[in-house]
Colleague: 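Would you mind keeping the following structure in view while I ask a few things?
Just so you know, these numbers come straight off a predicted model, no measurement behind them. If you read the sequence from its start, that first residue is 1, and numbering goes on from there.
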Amino acid sequence: MTDAEQFEAVVVGAGPGGAAAAAVLANNGIETLVLERGVEAGSKNVSGGLIYAEQSAAYTVDDLFPEFREGASERPVTRNHMDNIAGETVHTVDLKGVHEHDTEWCDSVLRRPMDAWLAERVHEMTAETGGGLLTDVRVNGLLWDDGEIVGVTCDELDPIRADLVVAADGVNSELARAAGLMDWDEPDEWFQGVKAVVDVEPDVIDERFGIDEDEGVARLFGGDLFDGVRGGGFLYTNRDSLSIGTVFHLDSLADERAEPHELLDNLLTHPHLGQWLPDEYEEREYSAKLVPDSKKVAHGSPHRDRLLLVGDAAGQMQAQGPIIKGMNHAVNAGGLAAEAYVEAKSRNAPHRAGERYETKLREEGVMDKLRPTRYELSRPLSESGVVTGALDGLARSAVGRFGVRAVGGLTERVFNSPFALGMLPDTHTSYVTVPTILAEELGEPVTSENDADPPTLEERIGELTYDTDVGNPHIELRDNSYEASGVAVTACPVSADGFGGGCYREETVKSNGSEERVVSLDTQPCVECGTCAVVADTTWTHPRGGKGVEYDQG
């Protein structure tokens with residue numbers, strides 16, 4: 001056992017989940033140290049861009065940080081629509097009902113400024129109890145004593161012992177994996193999102209969306225503009241920018257050998273987007289993120305010994321149909337994890353904090369939101385190949401199209417039903433076929449034009465800030481055969497088939513009269529999304545401290 005520093009609680013990661021845990025711990029007088037691997041909180045983080053405050057949640061971010069909305073968010077999102085697209089026809093559905101269901105408020109956010117704002121408050125709060133927040137520190141593993149987790153180890157600091165370790169280190173959580181609570185095995189357990197933040201003056205946003213400065217818009221996109229890949233797009237209004245991105249099932253992206261940046265460009269350049277984009281298209285930042293499919297991976301028992309997982313590290317991302325919620329669940333879980341420890345300690349049983357946390361997640365209804373029972377019951381039938389094929393054929397038939405026209409008025413009721421969305425199957429029918437047919441049968445022609453000229457992938461990579469970790473690559477390609485790792489060439493958001501400046505490349509090696517198709521790797525442009533850890537045969541870790549990519553927007 002190595003000599004180690006001692007804190008009562010260590011929180012790893014200063015995103016919304018970590019910030020919430022640290023705030024509740026500090027408010028209860030718990031000596032808490034927060035460790036963040038970015039040069040600043042948020043510099044390593046990306047989100048789709050909406051944070052909800054749910055009426056049923058035990059903790060919301062403005063409960064814990066009362067000035068949050070004025071200081072850290074972008075705009076209140078007061079309107080939410082779904083645009084089903086087929087060619088150049090669009091059928092729009094108002095998502096007011098489901099958007100406002102169980103919602104106190106919803107704001108658009110950018111992670112770098114939001115997380116940095118939260119970190120300042122967290123540092124002040126934790127410093128009062130003898131702790132604080134340190135950036136540029138990568139926690140690289142767990143500290144063990146006689147087979148029990150008792151703390152963490154770091155690249156930059158001596159080991160740290162703690163009675164409580166909260167892992168809020170994101171979707172690529174090294175602590176969750178070290179504890180045996182996460183694996184990388186199945187692409188169908190993940191989504192991949194890519195996003196462009198587009199520069200737009202506030203008055204242009206107000207004028208083009210028909211809103212006031214204290215209003216905001218969310219628009220979601222589905223249909224035939226994504227080459228048949230299961231998923232969709234989004235657009236959120238910020239104060240002086242737009243967040244425009246796509247989110248796809250990773251298994252579909254891999255199967256179709258689709259290139260994420262091209263699918264994003266399909267959305268950015270579609271005529272329907274022309275009505276909202278500025279006259280001069282200028283992209284501030286291109287980013288990517290892997291997202292857990294909570295319906296399949298949200299951990300029902302996210303703890304071991306003194307280690308408790310919150311947020312993406314526990315798979316706590318709710319993605320059912322057009323409703324995507326993650327940061328609010330991270331905040332709620334962070335608060336509940338800290339509350340569980342405080343209660344366990346008061347009963348002289350701090351080692352029972354994990355069990356109490358698990359109970360709270362279940363009793364507060366968090367687990368049922370993340371993993372709806374009705375989805376788990378219906379999935380074996382609704383996602384079977386036979387049923388999916390039959391439904392897809394029926395939807396495309398003359399009978400199916402007649403049915404769509406006949407019951408078109410019910411469309412909004414289905415899209416606004418939390419019950420229906422909670423059992424929505426992850427199939428081509430749901431994400432591609434039905435939205436396309438809705439647009440074909442009920443849509444209106446697009447009247448706007450779009451002159452946007454997005455940057456090339458090379459230009460996007462060139463604009464990123466990247467501190468090369470010389471001599472310490474955080475990815476090792478274990479099998480460079482195309483059969484084992486070739487999908488990384490297309491699925492990696494900073495690589496593409498035929499593009500030579502990205503992270504992964506396809507090459508043909510000739511030797512002794514034979515040719516071999518292999519994959520090569522350059523980690524310099526890596527955006528640390530973790531996609532290749534799932535789809536390719538790699539050993540993947542985070543870069544040290546603030547090394548690697550640094551986002552300005554996030």
Side-chain angles (χ1 to χ4, degrees), residues 49 75 77-97 99 108 195-213 215-229 231-238 240-247 262-283 322 395-396 401-402 404-416 431-455:
R75 282 178 184 254
V77 174
T78 52
R79 306 178 192 177
N80 198 329
H81 292 83
M82 173 83 188
D83 292 323
N84 301 290
I85 298 175
E88 295 192 3
T89 61
V90 178
H91 171 254
T92 298
V93 176
D94 188 339
L95 298 178
K96 178 181 175 65
H99 178 69
S108 58
K195 184 176 75 171
V197 177
V198 181
D199 197 25
V200 191
E201 293 295 326
D203 60 333
V204 175
I205 293 176
D206 296 346
E207 184 268 327
R208 300 216 167 177
F209 287 89
I211 56 177
D212 294 328
E213 62 181 8
E215 296 177 311
V217 172
R219 298 199 81 102
L220 308 171
F221 307 96
D224 69 357
L225 72 171
F226 299 121
D227 299 341
V229 182
F234 63 84
L235 179 156
Y236 305 139
T237 52
N238 303 318
D240 57 0
S241 64
L242 302 176
S243 292
I244 304 176
T246 52
V247 180
E262 289 189 344
L263 300 180
L264 173 63
D265 287 347
N266 287 357
L267 175 62
L268 286 167
T269 59
H270 192 278
H272 189 49
L273 272 286
Q275 62 189 302
W276 301 305
L277 293 176
D279 294 334
E280 296 292 331
Y281 181 92
E282 184 169 349
E283 204 168 285
R396 292 182 183 282
R401 290 176 180 274
F402 176 79
V404 167
R405 292 193 296 273
V407 301
L410 297 176
T411 304
E412 289 202 357
R413 292 179 61 181
V414 175
F415 273 90
N416 281 289
Y431 284 91
V432 181
T433 306
V434 170
T436 300
I437 292 174
L438 282 170
E440 289 174 343
E441 298 298 326
L442 303 175
E444 299 290 336
V446 175
T447 56
S448 54
E449 296 181 353
N450 188 344
D451 297 323
D453 185 18

Colleague: Kindly state each residue pair satisfying side chain to side chain donor-acceptor pair (under 3.5 Å) with at least one member in residues 204-213, sequence neighbours excluded.
Modeller: R75-D206, R208-D279
Colleague: Can a donor-acceptor pair be found, under 3.5 Å and without considering hydrogens, that links the side chain of S241 to the backbone of N238?
Modeller: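 A pair under 3.5 Å: no.
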Colleague: With a 4.5 Å heavy-atom cut-off, do F415 and L438 have their side chains touching?
Modeller: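 They are in contact (side-chain heavy atoms under 4.5 Å apart), so the answer is yes.
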Colleague: Spell out, as yes or no, whether a donor-acceptor pair under 3.5 Å connects the side chain of N450 to the backbone of L268.
Modeller: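 Between the backbone of L268 and the side chain of N450 there is a qualifying donor-acceptor contact (under 3.5 Å).
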Colleague: How are the rings of F221 and H272 set relative to one another: parallel (under 30°), tilted (30 to 60°) or perpendicular (over 60°)?
Modeller: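 Geometry flag for H272 against F221: perpendicular rings.
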Colleague: Is the CD atom of Q275 crowded by more than 12 outside heavy atoms at less than 6.0 Å?
Modeller: yes
Colleague: Looking only at atom types and distance, does a side-chain atom of T237 sit under 3.5 Å from a main-chain N or O of V217, one as donor and one as acceptor?
Modeller: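 Here the side-chain-to-backbone pair exists.
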Colleague: Hey, are the side chains of V200 and F209 touching, using non-hydrogen atoms and a 4.5 Å cut-off?
Modeller: no
Colleague: Output the distance between atom NE2 (H91) and atom CD (E441), rounded to the nearest 0.5 Å.
Modeller: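 With rounding to 0.5 Å, NE2 (H91) is 11.0 Å from CD (E441).
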Colleague: Would you say that D453 contacts D451 through its side chain, given a criterion of any heavy-atom pair below 4.5 Å between the two side chains?
Modeller: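 No, every pair of side-chain atoms sits at 4.5 Å or beyond.
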Colleague: Pair T246, N266 - check side-chain contact (heavy atoms from CB on, under 4.5 Å), show working.
Modeller: CA-CA 10 Å; T246 52; N266 287 357; over 6 Å; no
Colleague: Of all residues at least two apart in sequence or in a different chain, which pass the side-chain contact (heavy atoms from CB on, under 4.5 Å) check with R396?
Modeller: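 Here the qualifying residues are D392, H428, T433, I437.
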Colleague: Are the side chain of N416 and the backbone N or O of D94 linked by a donor-acceptor pair below 3.5 Å?
Modeller: yes
Colleague: May I ask you to check whether over 12 heavy atoms, not counting those of R405, lie within 6.0 Å of atom CZ?
Modeller: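 Yes, because the 6.0 Å sphere around CZ of R405 holds more than 12 heavy atoms from other groups.
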Colleague: If you measure from CG on N84 to OG1 on T92, what distance do you get to the nearest 0.5 Å?
Modeller: 7.5 Å
Colleague: When rounded to the nearest 0.5 angstrom, what distance separates CE in M82 from NE2 in H99?
Modeller: 15.5 Å
Colleague: Is it the case that more than 12 heavy atoms not belonging to E201 sit under 6.0 Å from its CD atom?
Modeller: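 Counting other residues, nucleotides and ligands, CD of E201 stays at 12 neighbours or fewer.
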Colleague: Do L267 and F226 touch side chain to side chain, with heavy atoms closer than 4.5 Å?
Modeller: yes
Colleague: Rounded to the nearest 0.5 Å, how far does CD of E283 lie from NZ of K195?
Modeller: 11.5 Å
Colleague: If you define the side chain from C-beta out and look only at heavy atoms, does anything of P455 sit under 4.5 Å from Y281?
Modeller: yes
Colleague: Identify the two heavy atoms, one from L277 and one from A452, that lie closest to each other, and give their separation to 0.1 Å.
Modeller: CD1-CB, 3.7 Å
Colleague: Please report the shortest heavy-atom distance between P454 and D265, naming the atom on each side.
Modeller: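 Scanning both residues completely, I find the closest heavy atoms to be CB-OD1, 3.7 Å.
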Colleague: Could you pull out all donor-acceptor pairs under 3.5 Å where a side-chain atom in residues 442-449 meets a protein atom, sequence neighbours excluded?
Modeller:
from, atom 1, to, atom 2, distance (Å)
S448, OG, P271, O, 2.7

Colleague: If you measure from CG on L242 to OH on Y236, what distance do you get to the nearest 0.5 Å?
Modeller: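 If we round to the nearest 0.5 Å, L242:CG and Y236:OH are 12.5 Å apart.
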